[in-house]
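Here's the structure, in structure tokens; my notes come after.
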Amino acid sequence: MPAADTTSARPVDRNLRERVDELSLIKHEARHGTDPSATERQHGKGKLTAHERISLLLDDNSFHEVEALRRHRATGFGLETKRPYADGVITGWGTVHGRTVFVYAHDFRVFGGALGEAHATKIHKIMDMAIAAGAPLVSLNDGAGARIQEGVSALAGYGGIFQRNTKASGVIPQISVMLGPCAGGAAYSPALTDFVFMVRGTSQMFITGPDVVQAVTGEKISQNGLGGADVHAMDSGVCHFAYDDEESCLGDVRFLLSLLPSHNRELPPSVPSQDPPDRSNGPLLDLVPEDPCRSYDMRGVIEEIVDDGEYFEIHAAWAANVVCALARLGGEVVGVVANQPAAYAGVLDIRASEKAARFVQFCDAFNIPLVTLVDVPGFLPGIDQEHDGIIRRGAKLLYAYCNATVPRVSVVLRKAYGGAYIVMDSRSIGADLAFAWPGNEIAVMGAEGAANVIFRRDISEADDPETVRQQKIKEYRTQLMHPYYAAERGLVDDVIDPVQTRRILIGSLAMLRDKHAELPSRKHGNPPQ
């Protein structure tokens, strides 16, 4: 960091060439700092510098920095002698795959990346520019929180960031990349954005650190144990993606951006697909077992259906009983929501409902059509689920689907029981098209449970209760659970050959591409929390 402000000592009588030379030196100092050991320390922690990270994120030579020469004006506690250029945050814009993206990156080498008034003002400006330009915003977070020496002015800077995160929500994509510590109130900005990426070992997020936790509760835990990447990816759900290194992390940020529109007034980018739209899905006949009680991996179904078998799963390690992914069908981006029989039999529970609801809301905000693959036995029963609010929290998914105006197509692969069938984008809550495979079972509950309820007396009074029970199960399945029951009542548009699933989905979404739906005039809804 510079030892003192020497601006006033510069000679006034200089020609333009000399001033250009001076500018070059100043910009070199702004980029590299005055302490080479700071960069070495950053690399020694396995971390890149802010400029190195931006170079990995953006297309080559596309970055335009904003306010590189800004310095703070604070005094006291020695700050008047430490006024580094850029004030610990790099802001600007560039391109990712040729499309404009705005970015800010904390520079941990300067004040530990801590946020002060000038630092915050730079972030406010780049956020305002992103909103005005209608382009995604990526934050590369590696900071020590508020700059204590600047007091409440630093805290107010966070308030301005939170206000802009909220203003930008549903308007431009917001992506937070955690590449170092993020503690206290600073953690709320990533929580307000659409996606959070983290790197194992070097990034942490928590409201109160391990020392405070131990002082208050007596619990002893490390920083990574409290708020590391895997904790947030698997336990809290705060983190959507976790990586072993910064390079792979930023590579996937670029890939995610390639699937998203720049703002909410345009469609996602389409690309020519070499995967034939009428490609047969023969492997599905063997992949999905006929027995509704047998498990299989729904990700294999998604891989078989989408273009080139490529999809980008969101929140893969959290609430694994539902799969949320971005993919392409016929070159067009779609959001896929699917029950996962390989995890908890694919039931809906609190976490799965909240995960899917947020994903549905995101897709609806950014004009991404929804494909829902249904194989659900119901909601997870249990005292903990009921006491923890499965009613209101499960209703989040119901609200998200009912409120979505993007094209929506659902396919029932096998079973679809009870309220969970309704919630998983059934025709009755507004799916544009609903299809089912010929082995589908759409009913209030499974035949076994239904027979036990309806024919309880007949079974209990029979000489051979088990024989009667099996007869009643067969009777219920024959009358109310045959694969054409829902189609006969218009609740399913067609029963389709699984081999034709890809072709039918692509054709349906092409027809719905120009769908326009109006919501009631209102300030906003009041979704269940």
Side-chain angles (χ1 to χ4, degrees), residues 280-282 284-285 287-294 296 298 301 305 336-339 341 345-348 369-379 397-398 401-402 404 407-456 458 468-512 515 517:
S280 175
N281 301 130
L284 293 180
L285 297 174
L287 179 60
V288 180
E290 182 180 359
D291 182 353
C293 296
R294 285 185 58 194
Y296 65 95
M298 181 64 81
V301 175
I305 293 172
V336 179
V337 180
N339 305 113
V347 296
L348 285 178
L370 289 161
V371 172
T372 305
L373 304 178
V374 185
D375 191 346
V376 61
F379 282 94
L397 180 55
L398 181 61
Y401 268 127
C402 290
R408 293 155 51 189
V409 181
S410 65
V411 182
V412 177
L413 277 58
R414 291 195 308 184
K415 57 189 177 296
Y417 297 156
Y421 153 65
I422 300 295
V423 169
M424 288 297 294
D425 205 19
S426 62
R427 272 292 301 275
S428 59
I429 65 168
D432 297 294
L433 289 168
F435 300 104
W437 286 3
N440 78 82
E441 292 185 352
I442 302 175
V444 175
M445 63 177 65
E448 291 82 359
N452 289 336
V453 172
I454 298 173
F455 306 108
R456 182 188 301 111
D458 293 345
V468 173
R469 192 174 75 88
Q470 293 300 325
Q471 291 173 349
K472 295 303 183 182
I473 290 172
K474 183 177 180 180
E475 179 182 339
Y476 183 85
R477 181 174 281 119
T478 300
Q479 291 187 23
L480 297 178
M481 293 183 66
H482 63 79
Y484 307 104
Y485 185 84
E488 290 170 0
R489 284 151 182 79
L491 299 175
V492 167
D493 290 288
D494 198 6
V495 179
I496 64 172
D497 182 347
V499 170
Q500 299 297 319
T501 302
R502 171 178 166 82
R503 179 185 66 81
I504 290 171
L505 285 174
I506 291 175
S508 300
L509 292 170
M511 178 275 292
L512 291 165
K515 173 188 174 183

Out of curiosity, [X] [atom1] to [Y] [atom2], how far, rounded to the nearest 0.5 Å?
X      : Y      : atom1 : atom2 : answer
Ser426 : Arg408 : OG    : CZ    : 8.5 Å
Ile422 : Leu491 : CD1   : CG    : 8.0 Å
Leu413 : Glu441 : CG    : CD    : 13.0 Å
Leu284 : Asp497 : CG    : CG    : 9.5 Å
Ile429 : Tyr421 : CD1   : OH    : 9.5 Å
Asp425 : Leu370 : CG    : CG    : 7.0 Å

[Y] backbone acceptor or donor facing [X] side chain under 3.5 Å:
X      : Y      : answer
Asp432 : Val409 : no
Lys415 : Pro292 : yes
Asn440 : Arg414 : no

Would you check if [X] and [Y] make a side-chain contact, meaning some heavy-atom pair closer than 4.5 Å?
X      : Y      : value
Val376 : Tyr417 : no
Asp493 : Arg427 : yes
Phe379 : Val347 : no
Val495 : Tyr484 : yes
Val412 : Phe435 : no
Pro341 : Met298 : yes
Val411 : Val374 : no

Cation-pi geometry met for Arg489 and Tyr485 (6.0 Å, 45°): yes

Looking at residues at least two apart in the chain, or sitting in another chain, which of them share a side chain to side chain donor-acceptor pair (under 3.5 Å) with Asn339? none

Non-neighbouring partners of Gln471 that pass side chain to side chain donor-acceptor pair (under 3.5 Å), sequence neighbours left out: none

Taking atom CD of Glu290 as the centre, does the number of heavy atoms from other residues, nucleotides or ligands within less than 6.0 Å exceed 12? no

Tell me yes or no: between the side chains of Tyr401 and Thr372, is some donor less than 3.5 Å from an acceptor? yes

